[in-house]
Amino acid sequence: MNAAKPNEMPDVDNTLLHTALFAQVSHEQAEELLPHLGHGIYDKGEYIFTQGDTDKRMFLLESGRVKLVRVSADQRAQLLSIHARGEIMGEIPAFDPEGGPRTASAVSMVNGTSVAWLEHDALFDWLNRYPRVAVDMLQVLAHRMRLNNEHISDLVFMDVPARLAKTLLGLATRFGEPVEEGLRVPHDLTQEELAQLVGSSRETVNKALTDFANRGWIARQGRSIIIYQPGMLIRRSRR
């Protein structure tokens, strides 16, 4: 990891401050916060923070892609989520009075992933001056909680092909690249990681992927998916 001094952050127009969490922040308010931001650049496979850490930092992904991974006591790994440019990670310790420990590790998925972080004390000193911003942040965190509850419901009520279809559509929305054949989704996940993201076994997810391909909805190309018929995936995700 390559680190920079906090006062070497880019100006207020940096994409960090266009995240949902800071959407209502004015330039003047942001200028007070920027000097407190730390900054680091990570290569593929490097850890940004680690499960069990007790720091109280909140992280903002400036560029690149990061996966959150949780490891069980018997060393089984679970891919929880993927984060992209402009998203917040590891915010719970920053808002939790008790701090850590962190429940997952953040791992860079591409070289040159740029991340900024903000300590709990600096964040709360700033929020004390702008309580309205704290209300806006609560709304964003509530939305994230709603999405987490929806994910739990999907695991209970949806079958694996429906969850896979919904996962592929979600990845397409965030990372999809239009190509002549359709929509290319470079997920950069192993088969095991894709299965973890869906919440099933590798064998079951591969069977569903093969079925989607046989129906002409998708094609697999290494660690990418080409979506030919997104409408059919949408319909399957609702069954």
Side-chain angles (χ1 to χ4, degrees), residues 1-22 30 33-72 75-96 99-123 140-141 144 147-148 167 170-171 173-177 184-197 222-224:
M1 189 233 354
N2 298 315
K5 297 178 181 179
N7 60 6
E8 290 179 343
M9 284 300 298
D11 65 23
V12 74
D13 291 321
N14 190 281
T15 55
L16 290 173
L17 299 179
H18 294 280
T19 66
L21 202 59
F22 291 93
L33 186 63
L34 283 175
H36 299 284
L37 287 171
H39 182 68
I41 298 176
Y42 300 80
D43 286 332
K44 182 175 181 179
E46 286 193 301
Y47 282 72
I48 298 163
F49 57 80
T50 305
Q51 182 176 330
D53 287 350
T54 56
D55 65 287
K56 297 182 180 181
R57 292 178 293 171
M58 178 176 67
F59 293 79
L60 305 94
L61 182 50
E62 189 176 19
S63 65
R65 197 177 300 179
V66 173
K67 59 185 177 183
L68 291 186
V69 180
R70 179 174 173 83
V71 178
S72 66
Q75 298 306 302
R76 288 180 296 167
Q78 177 67 45
L79 176 60
L80 302 178
S81 58
I82 298 173
H83 292 263
R85 180 175 181 249
E87 295 183 355
I88 304 295
M89 306 178 298
E91 71 277 7
I92 293 177
F95 288 94
D96 182 357
R102 295 192 177 275
T103 58
S105 299
V107 185
S108 172
M109 298 179 68
V110 296
N111 290 333
T113 291
S114 179
V115 178
W117 58 80
L118 186 64
E119 296 283 354
H120 167 276
D121 291 347
L123 174 62
V140 173
L141 294 175
R144 179 169 290 190
L147 293 178
N148 288 338
T167 298
L171 292 172
T173 299
R174 300 171 68 197
F175 309 121
E177 304 169 351
R184 179 175 177 268
V185 185
H187 56 76
D188 196 32
L189 301 173
T190 66
Q191 292 182 352
E192 185 64 33
E193 287 175 327
L194 181 59
Q196 291 172 6
L197 199 59
R223 293 191 178 183
S224 295

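Note that this is a predicted model, so its numbers are computed, not measured.
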Closest contact, heavy atoms only, [X] versus [Y]:
X: A106; Y: V66; value: CB-CG1, 3.8 Å
X: S63; Y: G112; value: OG-O, 3.8 Å
X: P186; Y: E177; value: CG-OE2, 3.7 Å
X: V69; Y: A77; value: CG1-CB, 4.1 Å
X: E46; Y: D43; value: OE1-N, 2.7 Å
X: L123; Y: A94; value: CD2-CB, 4.4 Å

E87: partners by salt bridge (charged side-chain N to carboxylate O under 4.0 Å, His left out), with sequence neighbours left out: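 Here the qualifying residues are R174.
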Residues in salt bridge (charged side-chain N to carboxylate O under 4.0 Å, His left out) contact with D121, at least two apart in sequence or another chain: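 For D121, no residue satisfies salt bridge (charged side-chain N to carboxylate O under 4.0 Å, His left out) once neighbours in sequence are set aside.
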Please step through side-chain contact (heavy atoms from CB on, under 4.5 Å) for the pair F175 and I82, ending with a clear verdict. CA-CA 11 Å; F175 309 121; I82 298 173; 3.8 Å; yes
Q196 backbone acceptor or donor facing Q78 side chain under 3.5 Å: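 Answer holds: yes.
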Does any N or O in the side chain of N111 come within less than 3.5 Å of the main-chain N or O of K44, such that one atom is a donor and the other an acceptor?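 Yes, the answer is positive, given that a donor and an acceptor are paired below the 3.5 Å cut-off.
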Starting from the C-alpha separation in whole Å, work towards a yes-or-no answer on side-chain contact (heavy atoms from CB on, under 4.5 Å) for W117 and I48. CA-CA 10 Å; W117 58 80; I48 298 163; 6.0 Å; no
Atom [atom1] of [X] and atom [atom2] of [Y]: how far apart are they, to the nearest 0.5 Å?
X: L189; Y: K67; atom1: CG; atom2: NZ; result: 7.0 Å
X: H39; Y: L60; atom1: NE2; atom2: CG; result: 11.5 Å
X: Q51; Y: R102; atom1: CD; atom2: CZ; result: 11.5 Å
X: L61; Y: H83; atom1: CG; atom2: NE2; result: 8.5 Å
X: L118; Y: H36; atom1: CG; atom2: NE2; result: 8.0 Å
X: L79; Y: R70; atom1: CG; atom2: CZ; result: 13.5 Å

With sequence neighbours excluded, residues passing side chain to side chain donor-acceptor pair (under 3.5 Å) with [X]:
X: S224; value: R184
X: R223; value: none
X: T50; value: none

Only counting residues at least two apart or in another chain, list the ones meeting ring pair (Phe, Tyr, Trp, His ring centres under 6.0 Å) with F49.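 Checked F49 against ring pair (Phe, Tyr, Trp, His ring centres under 6.0 Å); matches are F59.
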Among R57, R144, K56, salt bridge (Lys or Arg N to Asp or Glu O under 4.0 Å) partner for E91: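 It is R144, the one option of R57, R144, K56 that forms the salt bridge (Lys or Arg N to Asp or Glu O under 4.0 Å) with E91.
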